[in-house]
Protein chains: 2
Amino acid sequence: MDVSDKYSLRGRVFNEIREGILSGKYKEHEELKENTLGQELGVSRTPVREALRQLELEGLVKIIPNKGAYVVGLTERDIKDIYAARSVLEGLCARWAAQYITPEQKKELSENVELSEFYATRGNFAQVCELDTRFHEILYQASGSRIMEHMLLNFHHYVERVRLMSLATEGRAAHSNEEHRKILQAIEEKKPQLAEELAHQHVMNTIQNIDNYGLKNLLDASGSTEE
Amino acid sequence: MDVSDKYSLRGRVFNEIREGILSGKYKEHEELKENTLGQELGVSRTPVREALRQLELEGLVKIIPNKGAYVVGLTERDIKDIYAARSVLEGLCARWAAQYITPEQKKELSENVELSEFYATRGNFAQVCELDTRFHEILYQASGSRIMEHMLLNFHHYVERVRLMSLATEGRAAHSNEEHRKILQAIEEKKPQLAEELAHQHVMNTIQNIDNYGLKNLLDASGSTEE
DNA sequence: TGTGAATATTTTATATAGAGAATAAAATGT
DNA sequence: ACATTTTATTCTCTATATAAAATATTCACA
């Protein structure tokens, strides 16, 4: 996550509002009033204000001076663009990971792939999702680039709902696991070029999968499960 | 810029601290105390706090809860990574610009290239720099992707000092202008693939130029001119 | 009934105050 | 003299108060 003091009031407020926007609890163009949010979350306006200012910077909230804060949220176009950006950036990230990964990270990545394959055969998709998230996070760290890590972590979290829904579609988890294994192998064999291509293709395949099912369908399905 | 109320106290405070970090006024690991900054800028601690929280999200400041805010700044590695990321993202952006650019944007881009060539022959590099900045900004807008625009605007600003120093090196302005013209042409002829390759190459050439002169030399030179 | 000025209400923006955490300094005991 | 506990100080964190801006409401008047 981005905010260091996750467990302070402000950190909690930030995360709650952010989740509220990403999950659709706070809807597009909705006004986020400091007082209301504060009461809702049981805090004063100060931490709410700070959280809103941060969310503005992330682009999830638009602040009109002396007027108010409004939910911006992510459009379909935004999500597609994020995937497009990820397709090239995850490639670059995997390239660097192949060059800079530490033995510990290599070990965790390898175990991650093993475990995910195990859970997939057992049909435990919740675990597969979590491991998928972690797989990519390890790559981000292994790139040794805080810029890359920062950027991709954000994106990853932005599209979390879509990502998990895509992974839950018929057969995608197994394919994803295969792709993870190939990426792992390229990294273990220190083949940056190959790792880049595979990671790029991995994201492109996800995009393809999302297109097949339709982004709207996936989002609606995930939205309804939460209510 | 990112903050909507550029001219409010908080907006001003945010920009001043940000510029202070990017320009090197506030040095790596330096502690940014709310009181001190507030007095320096003639405001109370509240707007300072909000600005610091935002800078944390941007990665320019590290906040340790209940302890303090510390300058993180950009390392050489960070700058190189930003350029690497830009090399692929500006490519993608140019591709989209070729697809979605409006006639007005096309016109401004064309005039921008003309003007820049004019100023370059006259040796007016300050103008060339400004036009270079604007050239890229137009492309970001023309991509029609607020995600892309947001990301690249940030990066662009992060490396502004390096970018301008690179543009000031022998012969680079002229080459840059040539590359701009080719990108413009690809966009006018609606060739997304070509536009992507050219924009990618444009950033790669800048990286090459920076490497030739040495990032440190460029940064030192720009730092000394400010003091 | 409709329009516009004047007033009231709501909400943001900034400053300040009090509580709590972390660090530095002083005092105490061995 | 050194280690440890206690005290003091500094600074953050949250809440609240005041000011200013924006919006909504009321009322007068045509």
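Within every chain, numbering begins at 1; the chains are lettered A, B, ... in the order of the sequence lines, protein sequences first and strands thereafter.
For B:Ser44, the side-chain atoms get nearest to C:dA15 when compared with the rest of D:dC11, C:dA15, D:dT16. Of all nucleotides listed (D:dC13, D:dT14, D:dC11), D:dT14 comes nearest to the side chain of A:Pro47. Of the listed nucleotides (C:dA13, D:dC13, C:dT14), C:dT14 has the atom at the smallest distance from the side chain of B:Glu50.
Note that the CE atom of B:Met151 and the CD1 atom of B:Ile147 stand 7.0 Å from one another [nearest 0.5 Å]. Remark: B:Asn154 CG to B:Glu149 CD distance equals 11.0 Å, nearest 0.5 Å. Distance check: B:Ile63 CD1 to B:Arg49 CZ gives 7.5 Å after rounding to the nearest 0.5 Å. Taken to the nearest 0.5 Å, the CD atom of B:Glu16 stands 10.0 Å off from the CG atom of B:Leu37.
Rounded to a whole Å, the CG atom of A:Leu32 is 10 Å from the P atom of C:dT12. Counting to the nearest Å, the P atom of C:dT11 and the NZ atom of A:Lys67 are 12 Å from each other. Rounded to whole angstrom, the span from the OH atom of A:Tyr70 across to the P atom of D:dA22 amounts to 12 Å. Atom CZ of A:Arg45 is separated from atom P of C:dT11 by 10 Å (rounded to the nearest Å). To the nearest angstrom, P of D:dC13 lies 16 Å from CZ of A:Arg12. Rounding to whole angstrom units, CD of residue A:Glu34 and P of D:dA21 are separated by 16 Å. One atom, CD of B:Glu31, and another, P of D:dT10, lie 14 Å apart when rounded to the nearest Å. The distance from atom CZ of B:Phe14 to atom P of C:dT14 is 15 Å, rounded to the nearest whole Å.
Nucleotides of DNA chain D nearest to A:Gly42 and B:Thr36 differ in position, and the one nearer the 5' end is that of B:Thr36.
At least one donor-acceptor pair under 3.5 Å links the side chain of B:Ser23 to the backbone N or O of B:Glu19.
Taking only side-chain nitrogens and oxygens, B:Arg49 comes nearer than 4.0 Å to OP1 or OP2 of D:dC13. Distances shown here put every side-chain N or O of B:Thr46 at or beyond 4.0 Å from the OP1 or OP2 atom of C:dT14.
Side-chain atoms of A:Arg53 and base atoms of C:dA13 include no donor and acceptor less than 3.5 Å apart.
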